[in-house]
Amino acid sequence: MDAAEYDLAFFRDGGFRRRTCAGCGQAFWTLGDFDRCQEAPCRDYGFVGRPLFARPYALRAMREAFLGFFEHRGHTRLRRYPTVARWRNDVFFTQASIYDFQPWVTSGAAPPPANPLTISQPSLRFIDLEEVGVSGRHFTLFEMMAHHAFNRPDHEVYFKQRTVELCHELLTEELGLDPKAVTYKEEVWEGGGNLGPSLSVGASGLELATLVFMEYVRDGERLVPMPLTVVDTGYGLERFVWASQGTKTAYEAVFGGAYDELRRTFPPRESAILIDHARALNFLLVDGVVPSNGKEGYFARLLLRRSLRILSKTPEAPDLPSVLDRVGRELSHDFPELGEHRDDLRRVVEAETERYAEAIERARVTIRRTEAKLRAEGSRVRGDDLVVWYDSLGVPPDVAVEELAEPPAIPPEFYKLVAARHESERPTTDYVDASEGFPAVPTSVAPTEVLYYLDPYTVAFEAHVVHVDGPFVVLDRTYFYPTGGGQVADRGHLGDLEVVDVGRRGPHVLHKLERPSPFHVGDRVHGRIDPTRRTQLMQHHTATHLLNGALREVLGPHVWQAGAHKAPEVARIDVTHFRPIAPEELRRIDRRVNAIVREDRPVKSYFESRTEAERRFGFTLYQGGAVPGKELRVVEVEGFDVEACGGTHCTHTSEVGAIQILDVERIQDGIVRLSYASGERALELREEHEAILKEAAKRLGVAPDHLPSGIERLLGEVEEARRLSRSRARTDLEGLAAELLADPKRATTVGRATVVAARVELERSALGELSKLLCRQEGRLVILASERDGKGTLFVGSTAPGVSALGVLEAARPAFSAKGGGNPSAATAVGEPGAPLEQALEAARSAARAMATSG
RNA sequence: GGGCACGUAGAUCAGCGGAAGAUCGCUGCUUUCGCAAAGCAGAGGUCGGGGGUUCAAAUCCCCCCGUGUCCA
């Protein structure tokens, strides 16, 4: 980055000097007399015991000082965004204040909610998890205070000059930092394809803030100026508080009384981890994360389990819900939403606590057993085993060691060994703004005017063809709904041709015809949509919203839609929930959702600016995931459920008809799926089910209400018949065995063995059975030959001392080209096609006699 | 989303290329006034599903499904 980028009038006119740090080699600006920048590791912490600011601030006071400062200087104060970034599909969590405005605001697609603005955004970073409690300054959740400005070519709010000016004024005049103590270090920031110069603000060893100026797009080596430039600042609230108090660790300064309370029971490190995790969990759980084994839920589980482990090691420790509650109440003064839904939060935590206890118990059993086995083999448990156990059973090494009689040393770099097991993994990304199997449309083609948004009831229309590609036709306007948002596409006709699929590519809707299009650009076509299918899809889609609302009401606010599918035949919704839905809960959901249908509430669909919709309804709008665009289409079931959704909907709930829940299943850890039908389809299904029931009853010859007992009876009979047939088969084989033994031509006693050799035509498995029956006594040598499908099988079984079944088989091999093998008590060989089975039987018999005699 | 572990009798699990096992529970008999207990006998298995390799697969390979766990 060119040095001129940092050469601000504010620095030059203000008497700042540009120097090069003797530590890191970076250039920096300062009023002071330093040869090094004032950030670790170029200098040590100097503020411990010597606070940086004029007076000590608690967390709330500092946040208020910051936001107030910028409010007084023309910034609008914004409430925090959720810690789970539902409006994005590229990250799980909000990791910085700028995440709130990416990608729609920073790309220029949507206007900022205010400009300039100031915010203190709770942000999550799991990268330093291991440092929490150890370093004295790391947190999993921290608040990033910020002031942001978004500059358009026609409207510049402010950029570098004013940003640094504001920052400097805040630090020195508002907070009373010595102007000479600050250094502004030149850096380059890059992320998400954008980059720009940035300044790292340091004092007394601490990096207090980063001032980023996003102004370029990277195009290979070239830097292209962005049309919209962005001031992205980040001030660490916790660091400011710490610097103002000069305590030994940041935790004491930030968490105050609650931390001191924990310190009475726990050592400093454990206290810090507990309180840090409790804070992060309060935000995560209130923002609707359900602990699970994947995605964002995993991080909640990680924090919960780390906390539970610490608590379990101390007998007089409080339980986890109390710890969370204590911290949650404190936070609710500043974030009122954290005071709500405490019961729901408690239930989630209790369920998770049980699960963890179960997991650990399971692991303990496995560990004890494995050690017993290893010791029986003369071996013992090694450090590697601890790594495998942690990875596959979830048991931490210190817990595993407790279970072992001869514990190995825990490998010194335990977590590195765990990481090494995950090296070959690759993260994957997705997100396509296009239906699969639909070709790209040239950008010169005008975007399709989508009419189904405005009026979902119109099913016939006139339009002009604007683009043709094989069977794919793009119209200037359409009422056809393309597959999207979990709703499958409409069907119907364009002219006389059937529309077999409808998809979307960016701003274009493509109609796929049954065969290559006879239409040409400019043609006027008549479109007709299959009205029955459309109505059913509308009913299912609206039913999905109603169920989502009822699920949240009955199960709790942790319920979020995790996926949905709306087809004419059946609809499904997947939601996050921490345990299977109980039958009683399901009844309540069923009643509630059908009550809403009967109440005939209006369902309004309209477009609204993203910013305004978020303000009015909150982020629960994003049930269907991240939605692109500056405007959201809001679907509002009056007084019940509001979601951003592009689907076709009924205008009143009664149109949905009775909703019949067909099935509930747990499809993943933390996710349950409901299948249901409504409208005509629900009636159809009911008729089908009744018919099936009647048919089944008729076949069984009982009345439908006696079906269960009838089936019970039938199963008993089947069981009895099976038992009988099995015992008959065995009787037959026993009869055959007795027959063979009684026949002097087949059974002869030689030496100490009775040799039974016979040709029997039986299945291979029956040969074994028969041999087993014949070998119930000691001193038997059984040779059975059988031919099936042109392949001869020779089976040898032996209980004769000193006569090996395998040996007999080998002796017969020269006469019988066959593959086979076995052990001394049983051996099998299957001959090549045409191999002489009779001669093999003879050869085996002679060999067996010879062996029995000599043995 | 990926790695790893696991899936065998009603339950808990062993077996990890050569004829499906143990313990508990269950049924019957012996014993007892009855129960418990003990002894004896017995029932109970598509070895998660589907492909493949092999003369032979619970066992080895591949693909699914399910459970758990770790990592993003």
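Numbered from 1 within each chain, the chains take letters A, B, ... in sequence-line order.
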Q: Regarding Lys295(A), tell me which of base, sugar-phosphate or nothing describes its non-hydrogen contacts under 4.0 Å with the strands shown.
A: base
Q: Indicate, yes or no, whether a donor-acceptor pair under 3.5 Å links the base of rG68(B) to the side chain of Asp669(A).
A: no
Q: May I ask you to say what Leu302(A) touches in the nucleic acid, namely base, sugar-phosphate or nothing, with a heavy-atom cut-off under 4.0 Å?
A: sugar-phosphate
Q: In whole Å, what separates the P atom of rG25(B) from that of rU31(B)?
A: 22 Å
Q: Classify Thr793(A) by what it touches in the nucleic acid, base, sugar-phosphate, or nothing, heavy-atom distance under 4.0 Å.
A: nothing
Q: Within the structure shown, what part of the strands sits under 4.0 Å from Gly831(A) by heavy-atom distance: base, sugar-phosphate, or nothing?
A: nothing
Q: Indicate, with a heavy-atom threshold strictly under 4.0 Å, whether Arg305(A) touches base, sugar-phosphate, or nothing.
A: sugar-phosphate
Q: Contact class for Asn823(A) (heavy atom, under 4.0 Å): base, sugar-phosphate, or nothing?
A: sugar-phosphate
Q: For atom C1', what is the distance between rC13(B) and rG49(B), given to the nearest Å?
A: 22 Å
Q: How would you label the contact of Ala359(A) with the nucleic acid (heavy atoms, under 4.0 Å): base, sugar-phosphate, or nothing?
A: sugar-phosphate
Q: Below 3.5 Å, does any donor atom in the side chain of Thr828(A) face an acceptor in the base of rA56(B), or the other way round?
A: no
Q: For Gly394(A), which contact category applies under a 4.0 Å heavy-atom criterion: base, sugar-phosphate, or nothing?
A: sugar-phosphate
Q: With rounding to whole Å, what would you report as the distance between rG15(B) and rC6(B) at their P atoms?
A: 11 Å
Q: On RNA chain B, does the nearest nucleotide to Gln668(A) precede the nearest nucleotide to Arg369(A) from the 5' side, or the other way round? Give the residue.
A: Arg369(A)
Q: What's Tyr390(A) touching, base or sugar-phosphate or nothing? Going by heavy atoms closer than 4.0 Å.
A: sugar-phosphate
Q: Checking all strands, does Thr366(A) fall into the base, sugar-phosphate, or nothing category for heavy-atom contacts under 4.0 angstrom?
A: nothing
Q: Return no unless some side-chain N or O of Arg666(A) is found under 4.0 Å from OP1 or OP2 of rG68(B).
A: yes
